[in-house]
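Read through the structure below, which is laid out as structure tokens, and then see the notes.
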There are 2 protein chains.
Amino acid sequence: MKRLTLEEIGKLSGVSRATVSRVINNYPHIRPEIRERVQTIIDQTGYKPNVVARTLVSNRSNIIGLIIPSVVQQVFSDPYFPTLISGIARGCNANNLVLSLYLFDSLEDERNLFQAIIGTGLIDGLIVTTARRNQEMFDTLQESGFPVVFVGEPDDIAKTTFIDIDNITGGYTAAQYLLELGHRRIAIISTHINRSGESRLEGYRKALHEYGVPFDDHLVAYGDFSLDSGYSAMQSLIPHQPSAVFVTNDLMALGSLRALREAGLRVPEDVSVVSFDDLSPATQADPQLTTIRQPVQQTGKDAVTMLLGLINGDVQHPQHVFLPNELIVRASTGAVRSKSFRKQQEALDKGC
Amino acid sequence: MKRLTLEEIGKLSGVSRATVSRVINNYPHIRPEIRERVQTIIDQTGYKPNVVARTLVSNRSNIIGLIIPSVVQQVFSDPYFPTLISGIARGCNANNLVLSLYLFDSLEDERNLFQAIIGTGLIDGLIVTTARRNQEMFDTLQESGFPVVFVGEPDDIAKTTFIDIDNITGGYTAAQYLLELGHRRIAIISTHINRSGESRLEGYRKALHEYGVPFDDHLVAYGDFSLDSGYSAMQSLIPHQPSAVFVTNDLMALGSLRALREAGLRVPEDVSVVSFDDLSPATQADPQLTTIRQPVQQTGKDAVTMLLGLINGDVQHPQHVFLPNELIVRASTGAVRSKSFRKQQEALDKGC
DNA sequence: AATTAAGTTGAGAGCGCTCTCAAATTACAG
DNA sequence: CTGTAATTTGAGAGCGCTCTCAACTTAATT
């Protein structure tokens with residue numbers, strides 16, 4: 001089935017190409033009967049304008065790109081990215097945008113494709129996830145002046161437009177909740193792979209500080225957001241006998257639960273676990289996780305809106321948005337029980 | 001930064017637009033010194049051809065679309081789709097294609113966007129997942145004559161090109177393994193939402209038949225691939241005292257484990273569980289799941305290759321590919337133990 | 001050396017659309 | 001009824017590229 005052109009629709013309805021174009025783009029100043037006649041032909045023929053031709057002249061493709069840096073494999077055992085993608089897709093649907101997805105396999109891919117993406121003039125703007133630090137890509141992006149919205153706070157926020165959740169408050173809330181439950185030996189499993197983890201740690205420290213609990217290096221471990229890393233991190237934490245642990249994402253919390261179980265520790269009786277994300281693993285776990293819910297879908301949706309603002313130029317460039325998060329209490333947390341732990345804590349409390 | 005054009009590169013290197021085009025597209029019959037001179041200018045300026053203009057004339061965008069039907073939300077608690085997407089993305093990277101993702105929120109979205117996608121001439125071909133039956137979309141697609149590869153066997157395979165794993169053999173293998181372990185009361189949790197589930201059930205029946213075990217309706221339950229549905233299905237199965245259950249995906253297996261645990265049944269001591277997929281939930285579960293591994297990434301990658309064949313016309317159209325799968329034995333299965341169960345089975349065996 | 005074949009290049013058309021500009025038509029004021 | 005302004009339309013240029021065709025140059029053949 002050969003595709004119709006503007007010209008042909010014009011011929012069929014006895015007007016010029018230009019007039020048909022006007023009808024399609026809803027320009028004023030068209031005689032109603034003409035508009036109607038053309039519209040009828042369009043409907044009858046099922047004509048759709050060729051977006052490629054349109055893009056060529058208008059310089060607007062209505063395609064936006066989503067970049068997810070390498071380590072694709074690992075990335076998808078965590079529902080964070082799928083959820084984010086789905087939010088972004090919704091945002092695109094709502095704004096009549098096409099989403100094109102760039103999942104990189106390697107740093108080399110990133111370097112190559114990357115130039116290719118911006119250079120080709122195909123897409124109008126870019127959403128970039130800060131899954132992992134990548135200064136090189138970041139710099140290229142910044143220099144290009146191309147419309148970019150980062151999801152997740154980058155290290156260098158000066159000239160960047162990004163959206164993130166309020167990780168500091170999230171970390172604070174998690175720790176505060178455990179403190180209010182009476183815990184004093186509160187461990188944390190954080191991460192260095194991006195800034196979010198560090199901000200969550202920062203919130204945790206802030207809460208400890210406010211409650212007069214000294215920060216203890218032995219109670220801090222790091223992972224990479226994967227289940228296995230949470231498992232190892234928890235194993236290294238167990239000898240220091242925390243009565244609670246704040247794990248900075250659900251997947252690592254799953255790993256922590258496994259480590260605790262294998263060590264013969266019950267959750268929440270012996271150790272309370274607070275997690276972060278509230279994605280599917282939180283309710284798949286046993287016990288189900290008390291966790292900080294972050295609005296991942298909404299983040300994606302809003303990122304699209306922000307990017308659209310950038311593209312249209314009706315929004316100022318360095319723009320920072322932080323979304324709120326909320327504590328969801330489930331079965332993995334409880335008040336301090338164990339006498340030995342309590343004794344330790346009292347000793348600690350006295351210590352300050 | 002203004003984008004350079006072919007014309008300008010030509011001017012800079014003292015040749016015509018056409019010659020530059022030839023250099024870029026690696027045509028033969030160019031004087032080496034000219035080729036080199038032009039290439040130098042291209043490298044120096046960082047010129048990239050405008051893909052939109054190129055698409056307009058060549059009618060090839062090198063963009064392919066991936067359609068994931070509605071119920072996006074639910075879809076992403078199951079890592080199947082993310083994994084598939086990542087496979088497809090790899091296939092695209094390897095073939096220099098851009099992937100554009102269409103996640104639909106509603107049937108209406110599907111109907112609208114759908115015409116929009118094919119009609120606009122933006123994409124060269126389409127990969128469509130058969131996550132859920134949708135005859136209407138299927139028909140539109142077939143009529144259009146547009147290059148389409150389905151992932152997952154559709155109901156009507158006559159004129160369709162699709163790739164899937166060998167679900168029948170997969171189901172057969174799962175059931176056979178349980179039979180070999182001595183199980184006779186083997187339940188199954190399948191699904192009606194697409195053909196895969198039914199094929200797995202078919203394989204299961206085949207195995208039972210070959211081992212002379214009568215098929216028992218009471219031991220069949222259905223879900224929708226979600227954890228909760230697996231949970232309910234298992235609950236409905238427990239009263240019929242299966243000694244093993246074959247659950248047709250990992251996520252429902254997670255639900256089954258929960259139901260079994262709550263009923264006080266141990267896995268694998270009281271009930272063996274074989275699952276399907278071998279995606280992340282399989283190893284996140286406790287106990288880790290014996291499961292049929294399907295090569296989801298590979299499926300995605302191959303789908304891209306097939307689609308490319310279709311687009312280039314160097315592959316015949318109705319083409320059916322089935323990928324093999326393999327049994328992965330983990331901790332959720334064991335030989336029959338319980339006396340009461342064994343007695344039941346003996347009674348049953350005599351019955352045949 | 002003459003002829004033919006191959007290699008090498010540029011001019012120009014055209015992909016399907018948008019948008020400017022000017023011409024033609026209609027409306028309204030004096 | 002004329003002059004002016006607003007409305008309505010089409011012609012044509014042009015977005016940046018590919019591709020055909022013809023012209024010119026060089027190599028191969030007799």
Side-chain angles (χ1 to χ4, degrees), chain A residues 1-39 41-42 45-63 96 98 116 118-124, chain B residues 1-39 41-42 45-63 96 98 116 118-124:
Chain A
M1 58 165 204
K2 175 75 171 51
R3 159 161 301 126
L4 287 167
T5 69
L6 261 196
E7 194 76 51
E8 291 167 320
I9 297 293
K11 205 160 290 173
L12 285 172
S13 31
V15 297
S16 76
R17 173 171 26 108
T19 302
V20 181
S21 173
R22 289 187 184 103
V23 170
I24 287 169
N25 297 296
N26 270 313
Y27 276 89
H29 307 317
I30 305 187
R31 281 216 322 274
E33 69 249 44
I34 297 250
R35 160 163 279 140
E36 201 175 332
R37 193 184 340 145
V38 172
Q39 191 58 56
I41 300 284
I42 290 175
T45 56
Y47 167 79
K48 296 278 171 204
N50 180 319
V51 292
V52 178
R54 186 178 266 183
T55 300
L56 182 59
V57 32
S58 67
N59 253 318
R60 273 288 292 271
S61 65
N62 288 313
I63 305 178
N96 248 303
V98 170
I118 298 194
T120 55
L122 178 64
I123 62 173
D124 291 339
Chain B
M1 57 165 203
K2 174 77 169 49
R3 159 162 299 130
L4 287 168
T5 69
L6 261 196
E7 194 76 49
E8 290 165 321
I9 297 294
K11 205 161 293 173
L12 286 172
S13 33
V15 296
S16 75
R17 175 173 22 110
T19 302
V20 181
S21 173
R22 288 187 186 106
V23 171
I24 287 170
N25 297 296
N26 269 313
Y27 275 90
H29 308 319
I30 305 187
R31 282 217 322 275
E33 68 248 45
I34 297 247
R35 161 163 280 141
E36 200 175 332
R37 189 176 353 139
V38 172
Q39 191 58 56
I41 299 284
I42 290 176
T45 55
Y47 167 80
K48 295 280 171 202
N50 180 319
V51 292
V52 178
R54 186 177 267 184
T55 300
L56 182 58
V57 33
S58 68
N59 252 319
R60 274 287 293 270
S61 65
N62 290 313
I63 305 177
N96 248 304
V98 170
I118 298 194
T120 55
L122 178 63
I123 62 173
D124 291 340

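Everything numeric here is computed off the predicted structure, so don't read it as measured data. Order of the sequence lines sets the chain letters (A, B, ...), proteins ahead of strands, with each chain counted from 1.
- Minimum heavy-atom separation, N62(B) to N96(B): CB-O, 4.0 Å.
- Residue G119(B) comes nearest to K48(A) through the heavy atom pair O-CB, 3.7 Å, listed as atom of the first residue, atom of the second, then distance.
- In this structure, CD of E33(A) is placed 13 Å from C1' of dT9(D), rounded to the nearest angstrom.
- Computed from coordinates, the I34(B) CD1 to dT8(C) P distance equals 10 Å when rounded to whole Å.
- Applying the side chain to side chain contact (heavy atoms under 4.5 Å, CB included) test to V52(B) and every residue at least two apart in sequence or in another chain returns V52(A), T55(A), L56(A), L122(A), N50(B).
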List, with names and distances, any nitrogen or oxygen atoms from the protein found under 3.5 Å away from nitrogen or oxygen atoms belonging to nucleotides 16-21 of chain C.
{"from": "dC17(C)", "atom 1": "OP1", "to": "Y47(A)", "atom 2": "OH", "distance (Å)": "2.3"}
{"from": "dC17(C)", "atom 1": "OP1", "to": "N50(A)", "atom 2": "N", "distance (Å)": "2.9"}
{"from": "dC17(C)", "atom 1": "OP2", "to": "L6(A)", "atom 2": "N", "distance (Å)": "2.4"}
{"from": "dC17(C)", "atom 1": "OP2", "to": "Y47(A)", "atom 2": "OH", "distance (Å)": "3.4"}
{"from": "dC17(C)", "atom 1": "N4", "to": "R17(A)", "atom 2": "NH1", "distance (Å)": "3.0"}
{"from": "dT18(C)", "atom 1": "OP1", "to": "N25(A)", "atom 2": "ND2", "distance (Å)": "3.3"}
{"from": "dT18(C)", "atom 1": "OP1", "to": "R54(A)", "atom 2": "NE", "distance (Å)": "2.8"}
{"from": "dT18(C)", "atom 1": "OP1", "to": "R54(A)", "atom 2": "NH2", "distance (Å)": "3.4"}
{"from": "dT18(C)", "atom 1": "OP2", "to": "S21(A)", "atom 2": "OG", "distance (Å)": "2.7"}
{"from": "dT18(C)", "atom 1": "O4", "to": "R17(A)", "atom 2": "NH1", "distance (Å)": "2.6"}
{"from": "dC19(C)", "atom 1": "OP2", "to": "Y27(A)", "atom 2": "OH", "distance (Å)": "2.9"}
{"from": "dT20(C)", "atom 1": "O4", "to": "R22(A)", "atom 2": "NH2", "distance (Å)": "3.4"}

Strictly under 3.5 Å: I want the nitrogen or oxygen pairs between protein and nucleotides 23-29 of chain C, one per line.
none

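- In the helix from dA1(C)-dT30(D) to dG30(C)-dC1(D), the end axes, each obtained as the rotation axis mapping the C1' atoms of four pairs onto the next four within a five-pair block, lie 40° apart to the nearest 10 degrees.
- Heavy-atom contacts from other residues, nucleotides or ligands closer than 6.0 Å to CD of Q39(B) number more than 12.
- The list of salt bridge (Lys or Arg N to Asp or Glu O under 4.0 Å) pairs with a residue in residues 20-30 of chain B, not counting sequence neighbours, is empty.
- When all heavy atoms of I30(A) and R35(A) are compared, the closest pair comes out as CD1-NH2, 3.7 Å.
- E8(A) approaches R3(A) most closely through the heavy-atom pair OE1-O, 3.9 Å.
- Heavy atoms only, all atoms of each residue included: Y47(A) and I24(A) are closest at CE2-CD1, 3.4 Å.
- Using a distance-only test at 3.5 Å, with no hydrogens or angles considered, no donor-acceptor pair links the side chain of S13(B) to the main chain of V15(B).
- A search for salt bridge (Lys or Arg N to Asp or Glu O under 4.0 Å) contacts involving R60(A) returns D124(A), not counting sequence neighbours.
- Within the 4.0 Å cut-off from OP1 or OP2 of dT9(D), at least one side-chain nitrogen or oxygen of R31(A) is found.
- Proximity of T19(B) to the phosphate of dG10(C): a side-chain N or O atom is located under 4.0 Å from OP1 or OP2.
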